*Asks:* 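Got a structure for you, questions after.
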Amino acid sequence: MSAYRTGDPLDRRRFLTAAALRGATVIGTGALSTGALGTGVIGATALGAVDADAAFAAPIRPLDPAVAESAFAEGRITAINQDVLEVAGSYGDHSRVRVTNATSVWKARATTAADIETGDGLYARGLPLPDGTLAADAVWVNIVNLHATIRGIEKTRLHLAHGQHEIVGNLMAQTTSASYGDASPTADLSRLTIGQSAQVLGAWRPSDGSVDLVRVAVAPGAGRRR
C-alpha cells in the first residue's frame, strides 16, 4: 500500500507534474454510477486544508492528541469498488483509498465523489485503517502544478511549454484566475503575455492530455502586453 505517513519522502510535485504529461492514455472511462461513492459531500477536516494549494503544503501535526497523523496515497485509479478506489502508485505499488461522506473532493473545483472516474490521477490524504485501506479526508483528482512558459494565447486556451512538452491549458469562465506577483488572484487575464514564465495550477484531462487552468501565476512586468 502506498500510504505515506507524515515525514516519509514523497515527491508530490514530481508525481503531479508527470500526470499532466502522460498524454491521452486512459486506463478506463467508466463514470461512477449511483452508489456509496456518489454520496460524497464536501466536508471540513482535522488534518489540514482541502483547497487546491493544500495538496502541495507541508503536512501539519494535529493539535488534538486523539487525532492520528495523516497519511498519503497517490497514483492512477484502476478500479472503483463501491466506496473504495483501487490505485496503482507511481512507484509500482498499490493502495486502496476509502471515500466517505465526509471526504472532500477537488477536481478543478470543489465537487463530489461522483465526479471521480477510473483513469484519473489521485492524490489523497487521510488516516490508515487496520485493514490496510486509507480513509481519505481529502482527495485531489488530476491536480497538477507546473512551471511553464506561455507560448500562445487564445480566447479559450493557453499554449504552454513545460520542458520538452507542449501543453494546452483550457481557460474556464468563472474559474480561471491569474496572480501577478504578490497580488491576490484576479479574473483579469489581460496581463498574461507570450513569453512569460508561469506557475500553473489546474486539473489534467486524461482524455486529451490538456489541463483545465485554475490559476496562472506570473511575475509582474514579465513579457509584453498583448
Side-chain angles (χ1 to χ4, degrees), residues 10-22 42-45 47-60 72 74 103-112 115-116 120-125 137-163 165-226:
L10 174 59
D11 189 346
R12 284 176 271 176
R13 190 177 303 276
R14 176 177 175 272
F15 164 71
L16 297 169
T17 296
L21 306 177
R22 290 190 178 123
I42 308 304
T45 174
L47 300 180
V50 294
D51 59 12
D53 292 288
F56 304 95
I60 63 173
F72 301 91
E74 54 78 23
T103 303
S104 296
V105 179
W106 184 96
K107 191 175 184 180
R109 57 184 174 82
T111 186
T112 69
D115 282 340
I116 300 175
D120 283 338
L122 170 145
Y123 180 66
R125 180 187 66 205
D137 82 307
V139 172
W140 293 271
V141 182
N142 294 335
I143 187 171
V144 293
N145 191 358
L146 304 172
H147 288 281
T149 301
I150 300 175
R151 296 301 191 193
I153 300 175
E154 298 181 17
K155 184 176 181 180
T156 61
R157 60 186 181 179
L158 299 181
H159 294 272
L160 306 167
H162 173 75
H165 301 276
E166 297 294 329
I167 299 172
V168 173
N170 305 303
L171 299 174
M172 300 181 293
Q174 301 180 337
T175 299
T176 305
S177 65
S179 178
Y180 305 100
D182 295 329
S184 299
T186 175
D188 178 13
L189 308 181
S190 66
R191 292 165 59 192
L192 297 179
T193 60
I194 294 173
Q196 283 177 321
S197 296
Q199 184 172 4
V200 175
L201 181 64
W204 165 62
R205 287 188 185 180
S207 60
D208 61 12
S210 66
V211 175
D212 290 337
L213 300 177
V214 174
R215 187 171 68 245
V216 181
V218 298
R224 66 182 189 279
R225 296 191 63 86
R226 57 188 169 106

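No hydrogens, no waters, no symmetry mates; every other heavy atom, side chains included, goes into these values. Remember, it's a predicted structure, so these values are computed and weren't measured experimentally.
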*Asks:* Would you say the side chain of V216 lies within less than 4.5 Å of the side chain of L158, judging by non-hydrogen atoms?
*Replies:* yes
*Asks:* Would you say that L171 contacts L189 through its side chain, given a criterion of any heavy-atom pair below 4.5 Å between the two side chains?
*Replies:* yes
*Asks:* What pair of heavy atoms forms the shortest contact from R191 to Q196, and how long is it?
*Replies:* O-NE2, 3.3 Å
*Asks:* Got a sec, which residues hit side chain to side chain contact (heavy atoms under 4.5 Å, CB included) with T175, two or more places apart in sequence or on another chain?
*Replies:* M172
*Asks:* Give the intermediate values and the outcome of side-chain contact (heavy atoms from CB on, under 4.5 Å) for residues I150 and H159.
*Replies:* CA-CA 6 Å; I150 300 175; H159 294 272; over 6 Å; no
*Asks:* Grab the two heavy atoms, one from W204 and one from V144, that are nearest each other, plus how far apart they are.
*Replies:* CB-CG1, 4.0 Å
*Asks:* Could you pull out the closest heavy-atom pair between A198 and V218, with the gap in Å?
*Replies:* CB-CG1, 3.6 Å
*Asks:* Of all residues at least two apart in sequence or in a different chain, which pass the salt bridge (Lys or Arg N to Asp or Glu O under 4.0 Å) check with R157?
*Replies:* E154
*Asks:* Is the shortest heavy-atom distance from the side chain of R151 to the side chain of I194 under 4.5 Å?
*Replies:* no
*Asks:* Atom CD of E166 and atom OG1 of T149: how far apart are they, to the nearest 0.5 Å?
*Replies:* 9.5 Å
*Asks:* Got a second to check how far S197's OG is from L160's CG, nearest 0.5 Å?
*Replies:* 11.0 Å
*Asks:* Less than 4.0 angstrom from a charged side-chain N to a carboxylate O is my criterion; do R109 and D212 meet it?
*Replies:* no
*Asks:* Locate the shortest heavy-atom distance separating T103 from A138; write the atom from each residue and the value.
*Replies:* CG2-N, 4.2 Å
*Asks:* State which residue, out of I143, V141, T112, V139, fulfils the side chain to side chain contact (heavy atoms under 4.5 Å, CB included) condition with K107.
*Replies:* V141
*Asks:* Does D137 form a side-chain contact (heavy atoms from CB on, under 4.5 Å) with R125? I'd like the steps, not just the answer.
*Replies:* CA-CA 6 Å; D137 82 307; R125 180 187 66 205; 3.3 Å; yes
*Asks:* Do V214 and T176 have side chains that approach each other closer than 4.5 Å (heavy atoms only, starting at C-beta)?
*Replies:* no
*Asks:* Side chains of D188 and T186: any donor to acceptor distance under 3.5 Å?
*Replies:* no
*Asks:* Name all residues meeting the side chain to side chain contact (heavy atoms under 4.5 Å, CB included) criterion together with S177; count only those two or more places apart in sequence or in a different chain, and write none if there are none.
*Replies:* P185, R215
*Asks:* Taking atom CH2 of W140 and atom CH2 of W106, what is their separation to the nearest 0.5 Å?
*Replies:* 10.5 Å
*Asks:* Dump the intermediate steps for side-chain contact (heavy atoms from CB on, under 4.5 Å) on L146 and I167, then the final yes or no.
*Replies:* CA-CA 10 Å; L146 304 172; I167 299 172; 3.6 Å; yes
*Asks:* What I'd like to find out is whether the side chain of P206 reaches to under 4.5 Å of the side chain of N142, using heavy atoms alone.
*Replies:* yes
